[in-house]
Amino acid sequence: MSKVSVLVVDDATFIRDLVKKGLRDNFPGVQIEEAINGRKAQQMLSRQVVDLILCDWEMPEMSGLELLAWCREQDNLKTTPFIMVTSRGDKENVVQAIQAGVSDFIGKPFSNEQLVTKVKKALQRAGKLQALMSGAPPKMLSTGGFANDSLAALTGGKAEVVKPSAPTSAPAAPAAPSAAPAPAAASKSPAGRGQGQLRLPAGSMACVIKALSLKEALLVVKRTEQLPQVLESAVLDLEQGEAAETARLNGYLHAVVAFEPKPDSEWLQLTFRFVDRDPQKLDYLSRLIARGTAQKHFSPGA
């Protein structure tokens with residue numbers, strides 16, 4: 001029985017590793033190929049056939065959309081399932097990809113469960129799922145939960161992750177004290193900095209940018225019940241300038257610490273490491289750093 005093969009295309013090593021780990025843990029018999037951009041994938045697809053393509057949108061040399069258009073022009077790739085893995089969720093981009101012949105989307109950041117569901121759906125439609133699942137017994141990770149998938153990908157599912165405590169049965173009443181004068185020790189929201197939106201698998205949160213470099217961003221977010229996890233994949237949306245230009249930067253949380261020197265700190269400081277190597281994004285980031293530094297929106301990072 002021939003193996004079911006999947007091609008993973010992304011210029012970010014972290015994302016490729018995350019996808020490959022998810023595939024191997026949930027589809028033990030799968031054969032995985034990888035390419036660092038659309039051009040490399042095009043060369044690979046010219047030599048061999050695959051059963052499914054998981055592809056990033058924004059990449060150097062050849063984008064995911066350009067690769068998709070090329071695939072649909074090839075007789076042997078016209079019907080091959082093509083899933084776009086992207087942080088671009090705008091209606092205009094979705095319509096553009098649908099018109100080019102995309103099979104499905106996976107939005108960044110994604111959880112392991114979301115990845116598995118989309119892959120199963122695509123292989124089912126292609127008539128390949130049964131052959132793949134019967135090839136070997138499934139081996140599921142035991143980490144569980146949206147927030148721990150990236151950590152599992154890097155640790156092989158062996159790291160013990162402490163999950164946030166479930167809320168108590170008696171509902172908290174944070175709104176009640178707001179009518180009374182705030183206590184003297186109340187935390188103040190960090191101000192005078194650039195603003196952004198951090199997208200995590202479990203949801204989005206507004207953030208304040210303390211420092212920014214081509215390698216990473218230092219962010220401050222308000223603490224919630226769902227605590228961000230170290231090594232969790234994420235997307236940082238930055239909007240600056242009069243034209244309201246938005247950059248969607250892929251990365252992961254390198255560090256999570258309390259912003260205030262107390263155990264009940266209301267704010268968290270996150271170190272967000274970028275994984276994109278797209279020259280277009282790096283150029284935008286450079287201009288953003290220069291503009292933000294000049295306007296004192298944030299400090300230039302190391």
Side-chain angles (χ1 to χ4, degrees), residues 2-72 74 76-77 79-88 97 100-126 128-129 132-133 135-136 138-139 141 149-150 152-154 156-157 201 231 233-235 250-252 275-278:
S2 60
K3 286 190 175 182
V4 174
S5 60
V6 178
L7 174 61
V8 180
V9 190
D10 202 300
D11 59 320
T13 304
F14 177 82
I15 301 297
R16 291 201 310 275
D17 290 346
L18 194 63
V19 173
K20 290 188 297 181
K21 182 66 177 173
L23 291 174
R24 289 192 179 114
D25 284 326
N26 292 278
F27 307 101
V30 72
Q31 178 178 323
I32 303 173
E33 306 292 343
E34 61 181 306
I36 60 174
N37 57 48
R39 186 71 64 197
K40 296 291 185 182
Q42 186 183 46
Q43 295 170 359
M44 189 176 297
L45 291 168
S46 297
R47 300 191 305 266
Q48 62 188 85
V49 177
V50 299
D51 298 298
L52 172 64
I53 301 170
L54 291 164
C55 184
D56 183 28
W57 185 308
E58 297 171 291
M59 297 179 292
E61 295 193 41
M62 176 183 274
S63 70
L65 189 64
E66 291 171 329
L67 177 64
L68 171 60
W70 177 82
C71 286
R72 294 317 184 216
Q74 313 305 307
N76 63 325
L77 295 171
T79 60
T80 299
F82 193 112
I83 299 178
M84 197 75 81
V85 185
T86 178
S87 54
R88 291 192 174 199
V102 76
S103 305
D104 209 339
F105 290 90
I106 296 178
K108 292 180 181 178
F110 55 86
S111 68
N112 195 54
E113 182 181 2
Q114 290 168 330
L115 173 67
V116 171
T117 299
K118 294 286 187 176
V119 169
K120 279 185 176 181
K121 182 179 176 182
L123 293 177
Q124 179 70 47
R125 287 178 175 176
K128 300 286 185 178
L129 182 60
L132 178 60
M133 300 305 286
K139 180 183 177 183
L141 287 176
D149 294 324
S150 301
L154 298 183
L231 299 181
S233 64
V235 175
N250 300 296
Y252 66 95
V275 298
D276 290 307
R277 296 273 71 90
D278 185 352

Phe110 vs Ser233 side-chain heavy atoms within contact, under 4.5 Å: no
Main-chain N/O of Leu45 paired with Gln48 side-chain donor or acceptor, under 3.5 Å: no
Inter- and intrachain pairs under salt bridge (charged side-chain N to carboxylate O under 4.0 Å, His left out), touching residues 36-52, at least two apart: Asp51-Lys128
Residue Lys120 excluded, over 12 heavy atoms near NZ under 6.0 Å: no
Side chain to side chain contact (heavy atoms under 4.5 Å, CB included) involving Glu58 - partner list, sequence neighbours excluded: Ser87, Arg88, Asp278, Lys281
Minimum-distance pair of heavy atoms, taken over all atoms of Ala122 and Leu52: CB-CD1, 3.9 Å
Heavy-atom side-chain contact between Val8 and Leu23 under 4.5 Å: yes
Min side-chain heavy-atom separation Val116-Phe27 under 4.5 Å: yes
Under 3.5 Å donor-acceptor, Ser63 side chain and Met59 backbone: no
Arg72 to Ala100 - nearest heavy-atom pair and separation: CG-O, 3.3 Å
Lys118: side chain to side chain contact (heavy atoms under 4.5 Å, CB included) partners, not counting sequence neighbours: Ile83, Asp104, Ile106
Contacts of Ser46 that satisfy side chain to side chain contact (heavy atoms under 4.5 Å, CB included) - sequence neighbours left out: Trp70
Working for side chain to side chain contact (heavy atoms under 4.5 Å, CB included), residues Asn112 and Asn26: CA-CA 9 Å; Asn112 195 54; Asn26 292 278; 3.3 Å; yes
Interatomic distance, Glu66 atom CD to Trp57 atom CH2 [nearest 0.5 angstrom]: 10.5 Å
Partners meeting side chain to side chain donor-acceptor pair (under 3.5 Å) with Gln124 (sequence neighbours left out): none
All side chain to side chain contact (heavy atoms under 4.5 Å, CB included) counterparts of Ala234, not counting sequence neighbours: Leu198, Leu200, Phe272
Side-chain touch Leu132/Leu123, heavy atoms, less than 4.5 angstrom: yes
Salt-bridge contact Asp56-Lys108 (side-chain N to carboxylate O under 4.0 Å): yes
Residue of the set Ile32, Ile15, Asp10, Val119 for which side chain to side chain contact (heavy atoms under 4.5 Å, CB included) holds with Leu54: Val119
Shortest non-hydrogen contact between Leu115 and Gly22, atoms and distance: CD2-CA, 4.1 Å
Atom pair CG/CZ of Leu68 and Phe82 - distance to nearest 0.5 Å: 4.5 Å
Rounded distance (nearest 0.5 Å) linking atom NZ of Lys20 with atom CD of Glu34: 3.5 Å
Distance (rounded to the nearest 0.5 Å) between Leu67 CG and Ile53 CD1: 6.0 Å
Verdict with supporting geometry, Asn76 and Val49, side chain to side chain contact (heavy atoms under 4.5 Å, CB included): CA-CA 8 Å; Asn76 63 325; Val49 177; 4.3 Å; yes
pair Lys3-Val30: side-chain heavy atoms closer than 4.5 Å: no
SG-CG distance between Cys71 and Leu7, expressed to the nearest 0.5 angstrom: 8.5 Å
Atom pair CZ/CG of Arg16 and Asp11 - distance to nearest 0.5 Å: 8.0 Å
